[in-house]
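Below is one structure, written out as structure tokens, with a few remarks after it.
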Amino acid sequence: MIRQYELVDRILEYNPNADEALINKAYVYAMRAHGSQKRHNGDPYFSHPLQVAGIMTDLRLDDASIATALLHDTVEDTETTHEDISRLFGAEIAHLVDGVTKLSKLELSSPNAAQAENFRKLFVAMSQDVRVLLVKLADRLHNMRTLHFVPHAEKRRRIAQETLDLYAPLAGRIGMQSIREELEEIAFRELNPDMHASITARIDRMTSGDTSMAVPVLNDLRDLLRQNGYMSPIHGRTKRPFSIFVKMQRQGVGLEQLSDVFACRVITSSIAECYQILGLIHTHWAMVPNRFKDYISTPKRNGYRSLHTTIVGPSKQRVEIQIRTAHMHEIAEKGLAAHWAYKEGDEIRSEDTHFTSWINELLQMIEAGDPPEDFLEHSRLEMFHDQVFCFTPRGDVIGLPSGATPLDFAFAVHTEIGYHAVGTKVNGLRQPLGYVLQNADEVEILLSKQQRPQRSWESIAKTGKAKAAIRRYFREQNQAQMISFGRELLESGFRDAGFVMTKKLLDQIAGMIGQKVDPFLYDVGCGQISVPKVIGMIYPDTETHFTTAQIAPIRVDRTGLVPGVSLHLSRCCFPVPGDRIVGVRDSDHGIDVHIIDCAKLVALSPMAEHWVDLRWPTKNVGGDHHLARLEVDLAHEVGALSELTGLLGRVQCNIDDLVFLKRDKSVYRIRLDLEVRDLRHLEQIKNAMSTLENVTLVRRVRGDAQMRLVEEEQ
Ligand code: MN
């Protein structure tokens with residue numbers, strides 16, 4: 001166990017102005033807080049935070065990070081509260097400890113491999129300050145070093161898998177190669193002990209004693225460089241069992257075919273020397289094609305720089321040679337921590353600009369993701385800082401852009417879940433579907449089979465996926481409505497003309513115009529093909545008479561002009577072209593068209609999204625007639641009715657129906673259903689009627705006339 005003064009000495013080595021009092025206070029506080037708690041191996045628990053702090057000194061971190069490392073388990077595992085830390089150590093350290101505590105809680109739901117990438121992002125997003133992540137990595141490293149003391153095999157495996165899925169890639173991403181490799185090796189040995197042992201044994205056989213195949217190459221390389229005046233140090237090493245295992249998996253080769261286990265590293269004094277030595281090596285040995293990589297001119301995103309090449313040695317074994325400067329080597333081992341050159345006499349504080357820029361560079365690396373040769377590249381749009389990550393009740397992670405709502409979440413899980421969402425519970429509480437999701441929210445979507453997408457959802461949804469699914473739904477819905485409207489039009493048209501429209505007939509007509517049945521019905525539904533024309537194709541000499549509108553109103557909505565959906569001219573107010581109209585969505589039929597001041601509208605749906613703006617097409621398709629309903633009061637005089645019908649004949653208006661509503665000594669009230677071309681035609685007729693001496697009242701019916709009459713009679 002490191003002693004208190006040893007820890008302080010280590011920090012003072014790289015930061016002479018370190019706040020010793022702060023470190024000592026954190027040391028003593030954490031030691032007392034953990035008290036008699038023990039680790040699995042029987043050591044005092046406090047040895048763990050102390051070792052974590054030790055790892056942080058290797059990274060040459062600031063006082064706040066070291067104090068955080070010492071205190072990182074106090075809130076989670078002892079009586080200590082967030083307030084205690086805040087009061088004793090200030091807001092910055094309290095914030096860092098809080099971050100580590102939160103990350104520790106997240107570990108509980110271990111991600112599967114497919115979710116690992118999202119989980120990594122969630123992790124980073126939750127940590128806010130990269131120092132939290134560094135403490136967490138050091139914490140995991142020490143826990144892995146002592147993994148073999150954990151008594152339950154199942155728990156050891158879970159921790160090892162999580163390390164491989166989450167922590168090792170994160171360490172690699174910020175360039176901390178040696179931490180990454182150590183984490184991977186321990187995890188691999190735990191998860192696959194047999195394979196680990198086999199690979200290790202094979203490497204031992206290939207490298208041990210006189211039979212070693214690596215030594216001649218190493219010696220030759222050293223001689224070659226010396227003869228050419230380079231005194232560069234050379235290190236031979238075997239690759240790590242885990243990286244050999246990954247390579248075997250990727251290339252599908254067995255252990256016995258494995259020759260690619262050696263690597264040498266040449267450390268040069270300048271970049272120019274790197275390329276000169278590379279040239280020497282390539283003229284001396286055969287190089288393996290496609291294995292040369294120049295990470296000096298094109299560094300990896302995590303800052304790694306080096307030349308890589310693979311040559312074929314005298315006994316046909318392959319040897320990878322890495323050539324890099326001493327500075328590049330330091331970065332390769334420690335990541336950007338090596339960049340952060342401490343300036344003599346400077347005090348290291350988190351507000352130190354150099355320190356801050358290092359922290360920022362780390363963040364950018366994590367954002368930038370792994371280089372494409374290592375992993376499939378993730379879309380730049382999915383970077384964590386404009387993302388939120390939420391959980392399903394099962395613990396799966398769903399990544400969404402920030403500002404996303406539970407509705408987006410529902411569509412991200414499955415389109416059908418989106419379509420049937422009626423509500424949501426976020427962290428167990430009922431919330432509206434438009435609630436703005438926060439990181440780590442647990443989202444439950446409440447479903448109903450009866451639910452269908454609502455128009456208002458288009459403004460609630462933030463993701464392209466959800467918006468597209470909602471629009472697609474309405475598009476398909478409109479299409480289906482048009483098809484059934486086309487069918488209705490044809491059926492009633494045929495019926496009115498005295499024929500029956502059968503399926504066979506429908507197939508035949510569609511065939512005659514070279515279409516399939518549904519697209520044909522769709523065209524009829526939106527007025528591209530007129531019903532009389534269709535009937536005329538089959539029964540050329542038929543006179544047709546229609547009560548259904550032949551001019552389909554055009555729908556106007558946010559998306560602009562769209563040809564009419566399934567529209568029905570309502571039978572309560574009988575709209576005609578020229579009337580100001582409005583559509584009301586009816587779940588059974590499509591859209592009912594009413595005059596804007598129809599009395600019946602009051603009783604209809606108060607929900608705004610059920611209302612549709614409509615207007616008539618500007619060009620009237622000539623010759624079509626619409627029904628209009630009038631109430632007319634006539635004086636009880638002989639010949640009054642014949643005078644009226646005579647007038648209608650003269651203005652060429654057909655009477656479709658005539659009903660006596662009321663008859664008393666002085667007045668007849670009649671209801672007339674008239675065929676008119678449009679509103680202007682109707683107005684002309686009304687004016688002409690009111691000039692007649694015996695007509696005392698002409699009134700157009702808007703809304704339910706019967707109902708109004710009953711009221712009048714009471
Ligand atoms: Mn810990």
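Positions are given from 1, in the same order as the sequence printed here. All ligand and atom numbering here is 1-based and tracks the order in the structure.
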Exercise for the section: Hey, could you give me each pair passing ring pair (Phe, Tyr, Trp, His ring centres under 6.0 Å) that has a residue in residues 41-77? Not counting sequence neighbours. Expected result: Tyr27-Phe46, His34-Tyr45, Tyr45-His48, His48-His72, His48-His142

Exercise for the section: Inspect the contact between Arg240 and Glu185 and indicate whether a charged nitrogen and a carboxylate oxygen are less than 4.0 angstrom apart. Expected result: no

Practice task
Keeping waters out of it, list the protein N, O or S atoms under 2.8 Å from the Mn ion (ligand 1).
Solution key: His48 NE2, His72 NE2, Asp73 OD2, Asp139 OD1

Handout entry: Crowding at NZ, Lys465 (>12 non-hydrogen neighbours, <6.0 Å)
Key = yes

Practice task
Take the angle between the ring planes of Phe245 and Phe242 and call it parallel below 30°, perpendicular above 60°, tilted in between.
Solution key: tilted

Exercise for the section: Would you sort out whether Thr101 and Asp98 count as a side-chain hydrogen bond (donor to acceptor under 3.5 Å, both in side chains), showing the intermediate values? Expected result: CA-CA 5 Å; Thr101 308; Asp98 191 44; 5.3 Å; no

Exercise for the section: Show your reasoning for whether side-chain hydrogen bond (donor to acceptor under 3.5 Å, both in side chains) applies to Arg324 and His329. Expected result: CA-CA 6 Å; Arg324 56 175 85 138; His329 181 60; 2.9 Å; yes

